[in-house]
Amino acid sequence: MAAKQEMGYNGACRNLTPEQVAEKEAAGLPFVIRFKVPERSGMLGYDDKVLGRIEHSYSEVDDFVIVRSNGKPLYLLCNVVDDIRDRITHVLRGQDHMTNTTRQVLLYEALGAPLPVFAHMPLTLDLKKAKISKRSHGEIVAVHFYKEHGFIPWALCNFLVLLGWSPGDDKEIFSREELIEAFTLERINKSNSIFNYRKGDEKFFTDPKAIAINEQYLRTMDIGDIGDMVQKVLEKEGLWEVAYAGEKKEWYLHTLALIRDRFHTLNDFATLGRAYFADDFQVEQKPLEKNLLKFPDLKEWLPLLADRYQALEQFTAEETERVAKELAEEKGVKPGVIVNGMRTVVTGQLAGPSMYDILMTLGREKVVQRLRSVDRFFQQAD
RNA sequence: GUCCCCAUCGUCUAGUCAGGUCCAGGACAUCGGCCUUUCACGCCGACAACACCGGUUCAAAUCCGGUUGGGGACGCCA
């Protein structure tokens, strides 16, 4: 066991005479360069835009190393030199840099440079209240994770700015311009916040509020902008058609507008919304059992419905609804049985937009074709 | 151990500096309802907090002191 020992530098070489220094140099002893903290009686400190006045007594500050024995300067010094050279006016960083700042104030003074404005932001902690870091928390705190999970970039910024800052009123959704207008250093919180995510939770794969804000943007943003972002997702999944940017653009954007209300991320367009862009979509287990297999008669009824849709003079929402209800009445079942069975076969989903809007978006040909192929599900089940 | 920072619903927070309008407001989450042939969206509602003790005051979430709790920093890392 190591014995308890004093933290910090003991000042061994603080007061060497030039002769003593020369002697050690001649002996080839390795050395570092430390900053000689002045022996002053007052307080050493700075005014922090977030935290207010931060002070330490000079005696608390050890002579700190600024240049290594190999001649290379340390971060503490480089940082200050770079910032002076670049004429940095504001230094905004985490509260874990507070003590660095105290020492750097001395460096600024020694270099004869004016102090920049310092603002130390609160830290973001995990559920166990430990400082979040890439090393200990992995991809959940990496920006690319959110990109890969279909987050709208600005939605993530919007979420993050609310961690430790608020405008003072109830506004939470900000455009970039609005945020620039509303943001002030003075309104940054002093206390740490917690990044509320539970590992392994499928529904909330990250902080629920982050997801909520992403949803908010997903359903209110300009549909053209959504279209551009979804394009990248569809391209990645091999679902993109160049026509979506050309002659089918209207259809493309209309379809996105139809389905976006139920989605959480951009990726959902390619997963939950796959049936709108491809024929090889998966039918989810739940609707398969609940809405299809539970009613074996649908094996006959849906192809019958397909025939009637095929024969329809006008394939409209009104007509398709009328025909579906007619069939239900004819077979003595609730319309829901037909509609939900149809939804399952046509979209693979338990839920979705109004059934007849879906039919219109998919078009007669796909609808008829999917309704006719219903028996494959019953065969699979056997 | 030493020094620094912080403390309002489960989470993000408003309110604290300029004490009364706060038996504490909003958002997310959760739960209920309306709407919906589905599920969402939307709307309505419910649940839920001033860490504790003392002081100042006619009056304290708000000011002061202490306690407890949490975080951070104490590297020839950045």
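Proteins come first, then strands; the chains are lettered A, B, ... in the order of their sequence lines, and each starts at number 1.
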| Under the 3.5 Å rule, do the base of B:C76 and the side chain of A:S69 count as making a donor-acceptor pair? | yes
| Rounded to the Å, how far apart are A:I358 CD1 and B:C39 C1'? | 10 Å
| request: Would you kindly give the CD-to-P distance between A:Q349 and B:U37, to the nearest whole Å? | output: 20 Å
| Counting only heavy atoms not in A:E178, do more than 12 sit closer than 6.0 Å to its CD atom? | yes
| task | Decide if the gap between the ring center of A:W154 and the ring center of A:Y146 is smaller than 6.0 angstrom. | result | no
| field | Cation-aromatic face contact A:R274/A:F281, 6.0 Å, 45 degrees | value | no
| message | On RNA chain B, does the nearest nucleotide to A:R34 precede the nearest nucleotide to A:F195 from the 5' side, or the other way round? Give the residue. | response | A:F195
| task | Find which nucleotide of RNA chain B each of A:E215 and A:A130 is nearest to by heavy atoms, and output the residue with the more 5' nucleotide. | result | A:E215
| task | Tell me whether the centres of the aromatic rings in A:F263 and A:F269 are closer together than 6.0 Å. | result | yes
| said: Nearest to the A:D170 side chain among B:G26, B:C76, B:C28, which nucleotide is it? | reply: B:G26
| Taking the side chain of A:N192 as its heavy atoms from C-beta onward, which of B:U11, B:C39, B:G71 lies nearest to it? | B:G71
| field | Whole-angstrom distance between B:A49 and B:A14, as gauged at atom C1' | value | 13 Å
| Candidates B:A73, B:C41, B:C76 - which lies nearest the side chain of A:R219 | B:C41
| query | Out of B:U37, B:C28, B:G72, which nucleotide sits closest to the side chain of A:K131? | reply | B:G72
| message | I want to verify a distance call: between B:G71, B:A78, B:U11, whose nearest atom is closest to the A:K129 side chain? | response | B:G71
| request: Report the relative orientation of the aromatic rings in A:Y244 and A:Y252; use parallel for angles under 30°, tilted for 30 to 60°, perpendicular for over 60°. | output: parallel
| field | Side-chain donor/acceptor of A:R262 to base of B:C39, under 3.5 Å | value | yes
| task | Please state whether the phosphate of B:U11, meaning OP1 or OP2, lies under 4.0 angstrom from any side-chain nitrogen or oxygen of A:K209. | result | no
| message | Closest approach to the side chain of A:H56, judged atom by atom: which nucleotide of B:C4, B:U38, B:U37 is it? | response | B:C4
